[in-house]
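Below is the structure I would like to discuss, written out as structure tokens.
Lettering follows sequence order; numbering is per chain, from 1. In this text the structure is predicted, and so the values were computed from the model without any measurement.
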Number of protein chains: 2
Amino acid sequence: MRLFKSSEYAIRCLVYMAVNGNEVCSVKTLSDALDIPYKFLGRLMSRLGGAGIVTSSHGKHGGYRIARPLDQVRLADIIDIVEGLENYERCILGFETCDDENPCPLHDQWKGHKEGILHMITDVTLEDMARSDSKRI
Amino acid sequence: MRLFKSSEYAIRCLVYMAVNGNEVCSVKTLSDALDIPYKFLGRLMSRLGGAGIVTSSHGKHGGYRIARPLDQVRLADIIDIVEGLENYERCILGFETCDDENPCPLHDQWKGHKEGILHMITDVTLEDMARSDSKRI
DNA sequence: ATTATATTCCACCCGGAGGTGGGATATGCG
DNA sequence: CGCATATCCCACCTCCGGGTGGAATATAAT
């Protein structure tokens with residue numbers, strides 16, 4: 001019941017950028033501000049760029065910006081890019097097929113939570129997270 | 001959002017034993033019936049024995065039985081033994097402290113699901129799972 | 001030109017989950 | 001006794017997430 005560290009990093013970086021008015025952010029800035037390993041984050045941000053979540057600019061004062069309006073970047077988009085959504089869609093006991101007609105022993109109990117989480121990650125956007133009362137990123 | 005493979009194995013074995021009237025089950029039987037690697041399962045069952053979830057008997061026709069009434073073996077007990085409960089209690093973004101007073105940007109959204117899952121694993125017992133309409137283990 | 005940044009290689013390292021194989025010992029049923 | 005089982009030890013293996021280090025190239029601001 002946890003995100004990959006890389007997903008945590010990606011979410012925190014994007015929230016940081018969103019909160020700071022989506023100014024251009026260098027990897028160095030993000031790495032220092034959020035205490036994320038520089039080299040590791042470099043690769044991660046590059047992946048987010050390739051997936052179209054952020055845009056990059058080279059050269060001095062270059063860096064990353066969020067590519068889309070904040071309400072159009074969903075948690076599920078980020079998670080999907082970083083770690084994939086398999087773990088959020090699979091059967092809790094690992095059965096290939098598991099649905100109402102052919103349930104595993106935990107299907108009925110798990111179903112609601114699974115759907116709730118899926119709804120959450122598809123509904124919550126960067127805007128929501130940036131607007132939260134949280135003072136920590 | 002997934003159990004360790006070992007937790008899946010443990011749950012499936014215990015449900016299998018529960019459904020089959022809690023007869024003595026050898027590791028061989030469980031391994032064959034549920035398609036779980038024999039040696040791996042041997043260690044896992046031994047751990048469940050050490051934790052008091054099952055009792056073991058040696059010799060021919062020996063094996064394992066569930067040690068307690070089925071309604072007194074909770075999902076959380078099994079998960080705790082096999083993989084620990086840290087992942088079920090931790091902040092979704094990985095912050096050391098994260099609560100209503102000092103929330104992370106996802107705390108409010110995640111809180112409900114986290115509590116729901118915790119309630120589920122502490123409420124659901126082997127009896128519930130054995131009683132389910134599932135024909136698969 | 002210098003400097004700061006992204007981008008992209010490559011080569012590692014570590015730890016943990018999952019899995020395999022051998023062998024030794026104890027225990028108990030037939 | 002022989003056999004089947006648990007128990008325990010050891011030594012591996014693979015894969016993957018996380019992380020580090022070096023180096024080269026491209027791009028753009030100053």
For residues 129-137 of chain A, run the donor-acceptor check on the side chains, cut-off 3.5 Å, and write out each pair with its distance to 0.1 Å, sequence neighbours left out.
| from | atom 1 | to | atom 2 | distance (Å) |
| --- | --- | --- | --- | --- |
| A:R131 | NH2 | A:D128 | OD1 | 3.0 |
| A:S132 | OG | A:M129 | O | 3.0 |
| A:S132 | OG | A:S134 | N | 3.3 |
| A:S134 | OG | A:R136 | N | 3.1 |
| A:S134 | OG | A:R136 | O | 2.9 |
| A:S134 | OG | B:P103 | O | 2.8 |
| A:R136 | NH1 | B:T97 | O | 2.4 |
| A:R136 | NH1 | B:N102 | O | 2.6 |
| A:R136 | NH2 | B:T97 | O | 2.6 |
| A:R136 | NH2 | B:T97 | OG1 | 3.4 |

Legend entry - Residue pair A:D99 / A:H107, side-chain donor-acceptor N/O under 3.5 Å: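 Their side chains do not contain a donor-acceptor pair, so the 3.5 Å distance test is not met.
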Legend entry - Atom pair distance, as rounded to whole Å: CE in B:M45 and P in D:dT5: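 It works out to 14 Å between those atoms.
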Legend entry - Protein-nucleotide distance (A:R65, atom CZ; C:dA6, atom C1'), rounded to Å: 16 Å
Legend entry - Single-linkage hydrophobic cluster, 4.5 Å side-chain cutoff, A:L34 and A:L75 together: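 Yes.
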Inset, instruction - Rounded off to whole Å, could you give me the CD-to-C1' distance for the A:E8 and D:dG17 pair? - result: 12 Å
Legend entry - salt bridge (charged side-chain N to carboxylate O under 4.0 Å, His left out) partners of B:R68, counting only residues at least two apart: B:D77
Inset, instruction - Output the distance between atom CG (B:L30) and atom CG (B:L41), rounded to the nearest 0.5 Å. - result: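 Rounded to the nearest 0.5 Å, the CG-CG separation comes out at 6.0 Å.
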Legend entry - Side-chain N or O of B:H61 closer than 4.0 Å to phosphate OP1/OP2 of D:dA4: no
Legend entry - Nearest-angstrom distance from the residue atom NZ of B:K28 to C1' of D:dC3: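 To the nearest whole Å, that distance equals 15 Å.
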Inset, instruction - Answer with base, sugar-phosphate or nothing: what part of the nucleic acid does A:G59 contact at a heavy-atom distance below 4.0 Å? - result: base
Inset, instruction - Determine, for nucleotides 10-21 of chain C in 5'-to-3' order, which nucleotides have protein heavy atoms under 4.0 Å from the base (write B), from only the sugar-phosphate (write S), or from neither (write -). - result: -------SSBBB
Legend entry - Ion pair check, B:D80 and B:R74, cut-off under 4.0 Å: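 Salt bridge between B:D80 and B:R74, a charged N being under 4.0 Å from a carboxylate O: no.
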Legend entry - d(NZ, B:K60; P, D:dA4) in whole Å: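 In whole Å, D:dA4 P lies 5 Å from B:K60 NZ.
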Legend entry - A:S46 vs C:dT8: side-chain N/O to OP1/OP2 distance below 4.0 Å: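 Yes, such a contact exists.
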